[in-house]
Asks: 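Supplied in structure tokens, the structure appears directly below.
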Amino acid sequence: SSRVLWTLAVTQLQKLITDAMERFKAAKGEECTDVAMCHNNLALLFFNEKKFEKALPLFEKAVASYTRILGDQHKTVALILFNYGVCMQKAGGRKKEAREIIEKAKRLAKGH
């Protein structure tokens, strides 16, 4: 069925991103935009699969890395921070914190 094929594709994509991340870490170290991008891409993959609890720590890592590398005012940080907040809302439980993160992301995106 198409669901089985989709599940296989997602599993393969997860493996490819994880393998790429390990290669980037070996070549460039943990603190590089390529590793941060892999954390973000894995988070998005889990988010799209509604596996919010798996996505959250990956979004956290991506936000933290991009913030250290690019600075806390960068548009990329704002975008990932927004996705992190939305994921937190979907996961439930931390609604107030999620709203605050989303609002912060919107301010950053506007340059404030």
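Please read these numbers as outputs of a predicted model, since none were measured by experiment. Just the heavy atoms: all of them, side chains too, but no hydrogens, waters or symmetry mates, feed the values below.
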Asks: If you look only at distance, which donor and acceptor atoms sit under 3.5 Å apart when one is on a side chain in residues 9-19 and the other is two or more places apart or in another chain?
Replies:
unit_1, atom_1, unit_2, atom_2, d
Thr11, OG1, Thr7, O, 2.9
Lys15, NZ, Asp19, OD2, 2.8
Thr18, OG1, Gln14, O, 2.8

Asks: When you measure from the side chain of Lys61 to the backbone N and O of His39, does any donor-acceptor pair fall under 3.5 Å?
Replies: no
Asks: Kindly give the heavy-atom pair with the smallest separation between Leu108 and Ala78, and that separation in Å.
Replies: CB-CB, 3.6 Å
Asks: Taking the side chain as every heavy atom from C-beta outward, state whether Val35 and Lys28 have any atom pair closer than 4.5 Å.
Replies: no
Asks: Any side-chain heavy-atom pair from Tyr66 and His74 closer than 4.5 angstrom?
Replies: no
Asks: Quick check: do Met21 and Leu42 have side-chain heavy atoms less than 4.5 Å from each other?
Replies: yes
Asks: Please report the shortest heavy-atom distance between Ile80 and Ala62, naming the atom on each side.
Replies: CG2-CB, 4.0 Å
Asks: So which heavy atom on Ala98 is nearest to which on Gln89, and how close?
Replies: CB-CG, 3.4 Å
Asks: At what distance, to the nearest 0.5 angstrom, does CD of Glu60 lie from SG of Cys87?
Replies: 9.5 Å
Asks: Below 4.5 Å, heavy atoms only, C-beta onward: do Met88 and Lys95 meet side chain to side chain?
Replies: no
Asks: Identify the two heavy atoms, one from Ala43 and one from Leu58, that lie closest to each other, and give their separation to 0.1 Å.
Replies: CB-CB, 3.7 Å
Asks: Name each donor-acceptor pair under 3.5 Å that joins a side chain in residues 44-57 to protein atoms two or more places apart or in another chain, with its distance.
Replies:
unit_1, atom_1, unit_2, atom_2, d
Asn48, ND2, Leu44, O, 3.3
Glu49, OE2, Trp6, NE1, 2.8

Asks: From Thr67 OG1 over to Gln73 CD, what is the distance, rounded to the nearest 0.5 angstrom?
Replies: 9.5 Å
Asks: Sequence neighbours excluded, which residues qualify as salt bridge (charged side-chain N to carboxylate O under 4.0 Å, His left out) partners of Glu100?
Replies: Lys96
Asks: So how far is it from Lys25 NZ to Cys38 SG, rounded to the nearest 0.5 Å?
Replies: 9.0 Å
Asks: Between Leu79 and Phe59, is there a shared hydrophobic cluster once you connect ILVMFWY residues whose side-chain heavy atoms come closer than 4.5 Å?
Replies: no
